[in-house]
Protein chains: 2
Amino acid sequence: MHKRKIGFAEFAGICRNHGLKSTQQRFEIYSELIGSTEHPDAESVYTAIRKRMPSLSFDTVYRAMRTFEEKGAISRVSPGLERTRYDANMEPHHHFICGKCGTIKDFYSEEFNRISTPMEIDELGKAEYVHVEVRGLCNKCRKSKLT
Amino acid sequence: MHKRKIGFAEFAGICRNHGLKSTQQRFEIYSELIGSTEHPDAESVYTAIRKRMPSLSFDTVYRAMRTFEEKGAISRVSPGLERTRYDANMEPHHHFICGKCGTIKDFYSEEFNRISTPMEIDELGKAEYVHVEVRGLCNKCRKSKLT
DNA sequence: ATAAATGCAAAGGTTTTGCAATATG
DNA sequence: CATATTGCAAAACCTTTGCATTTAT
């Protein structure tokens with residue numbers, strides 16, 4: 001299931017379920033996202049909606065999408081990091097990233113090393129590599145949370 | 001193996017292997033990266049080196065790290081995307097991302113769904129989720145490459 | 001000698017913020 | 001009605017770029 005069209009009533013229900021107020025702007029933004037298979041960024045969404053709702057402002061799109069994400073109504077495509085970070089360790093290993101403090105810890109896992117491109121990719125293109133990482137809360141942040 | 005200290009001679013060898021000129025700045029930058037387990041960003045590297053090499057400029061750090069990465073001497077931690085993109089499809093699925101045009105295609109894979117947190121994480125913190133994605137070249141870009 | 005790398009400063013691009021006005025539950 | 005959301009504009013932030021100078025091969 002992908003690319004769906006929803007009415008305001010259904011959207012209002014989704015908002016209620018996530019503790020959000022349902023505004024016309026948010027409806028348009030959410031509609032644009034669920035009606036697309038493009039995984040759009042803020043600008044695409046903004047440009048598309050502007051045609052039918054010229055009063056919409058850019059930061060409303062940004063804010064709405066962040067809010068939807070925080071409340072779990074939509075998800076961010078590839079998590080990424082706040083800034084570019086590098087690793088000079090070139091042997092096969094993986095990363096555990098703390099979502100609270102941003103600490104990145106290396107770990108080694110045979111299991112993860114064995115993950116290979118699924119055949120479902122064949123019809124989409126040529127795979128170059130599979131990226132796997134674990135996100136969570138590091139021990140330090142876990143402790144400080146108890147404080 | 002992690003957190004190593006290297007001398008200029010060894011560094012020069014690494015550069016030669018990757019077709020790079022070995023400068024004092026690059027040596028400091030590379031040393032900082034390989035001598036750290038922090039997966040630092042440009043600013044950390046810059047700040048650390050500035051103490052001993054006050055003439056170093058910020059953009060040299062950026063440029064050097066990008067160059068190291070392009071030549072395969074170091075790697076970027078979590079690939080991420082150029083801008084934040086969202087997905088309203090909340091059922092379990094994964095993404096194939098084309099490194100050329102940026103197109104993101106959904107795919108469904110039982111195999112990927114089954115990937116679970118490796119036990120190696122236990123000593124690092126509490127895992128929230130595993131993120132997996134496939135990077136490569138989409139069919140469209142593959143074709144246009146032949147032209 | 002030639003081509004590449006550096007430093008400087010300025011620009012580029014995306015994302016965020018403060019505030020007054022407005023709309024929602 | 002109280003509170004959250006919007007629009008506007010400006011700022012913040014990370015990263016990149018052009019150019020003259022210096023450096024490595």
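Here is the naming used below: chain letters follow the sequence lines, and residue numbers restart at 1 for every chain.
Sorted by first then second residue, the side chain to side chain donor-acceptor pair (under 3.5 Å) pairs that include residues 8-23 of chain A, not counting sequence neighbours, are A:Arg4-A:Glu10. Under the side chain to side chain donor-acceptor pair (under 3.5 Å) criterion, no residue pair touches residues 109-127 of chain A, with sequence neighbours excluded. Sorted by first and then second residue, the side chain to side chain donor-acceptor pair (under 3.5 Å) pairs involving residues 50-62 of chain A (not counting sequence neighbours) are A:Glu28-A:Arg52, A:Glu32-A:Arg52, A:Tyr46-A:Arg50, A:Ser57-A:Asp59, A:Ser57-A:Thr60, A:Asp59-A:Arg63.
With axes fitted over five pairs at each extremity, the angle between the ends of the helix from C:dA1-D:dT25 to C:dG25-D:dC1 is 50° (10° resolution).
Spacing between atom CD of A:Glu82 and atom C1' of C:dT14 amounts to 14 Å, rounded to whole angstrom units. The separation between A:Tyr86 atom OH and D:dC14 atom P is 15 Å, rounded to whole Å. For A:Arg85 and D:dC13, the CZ to C1' distance is 16 Å, given to the nearest whole Å. In this entry the distance linking OH of B:Tyr62 with P of D:dT17 reads 13 Å, nearest Å. Put simply, CZ on A:Arg76 is 12 Å from C1' on C:dT14, counting in whole angstrom units. Atom CZ of A:Arg83 and atom C1' of C:dT14 are 14 Å apart (whole Å). Going from atom CD of A:Glu43 over to atom P of C:dT14 covers 6 Å, rounded to whole Å. Straight-line distance from the NE2 atom of A:His18 to the P atom of D:dT5: 14 Å, rounded to whole Å.
Shown here are the salt bridge (charged side-chain N to carboxylate O under 4.0 Å, His left out) partners of A:Glu38, two or more places apart in sequence or in another chain: there are none. Taking the salt bridge (charged side-chain N to carboxylate O under 4.0 Å, His left out) definition, one finds that A:Arg135 meets it with A:Glu133, sequence neighbours left out. For B:His95, the ring-ring contact (aromatic ring centres under 6.0 Å, His included) test picks out A:His39, B:His93, with sequence neighbours left out. Residues forming a salt bridge (charged side-chain N to carboxylate O under 4.0 Å, His left out) with B:Glu43 (at least two apart in sequence, or on another chain): none. Taking the salt bridge (charged side-chain N to carboxylate O under 4.0 Å, His left out) definition, one finds that B:Glu70 meets it with nothing, sequence neighbours left out.
Among the nucleotides C:dT15, C:dA5, D:dC14, the one closest to the side chain of B:Thr84 is C:dT15.
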Each nucleotide of nucleotides 17-25 of chain C classed B (base within 4.0 Å of a protein heavy atom), S (only sugar-phosphate) or -, in 5' to 3' order, makes BB-----BS
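Ring centroids of B:Phe27 and B:Phe11 are separated by less than 6.0 Å, placing the two rings close together. With ring centers used as reference points, A:Tyr30 lies under 6.0 Å from A:Phe68.
Other members of the hydrophobic cluster containing A:Ile97, listed by chain and number, are A:Leu81, A:Ile104, B:Val77; membership follows side-chain contacts under 4.5 Å among ILVMFWY residues, whether direct or relayed.
The stretch residues 44-58 of chain B touches DNA chain D through B:Phe58, each having a heavy atom within less than 4.0 Å of the strand.
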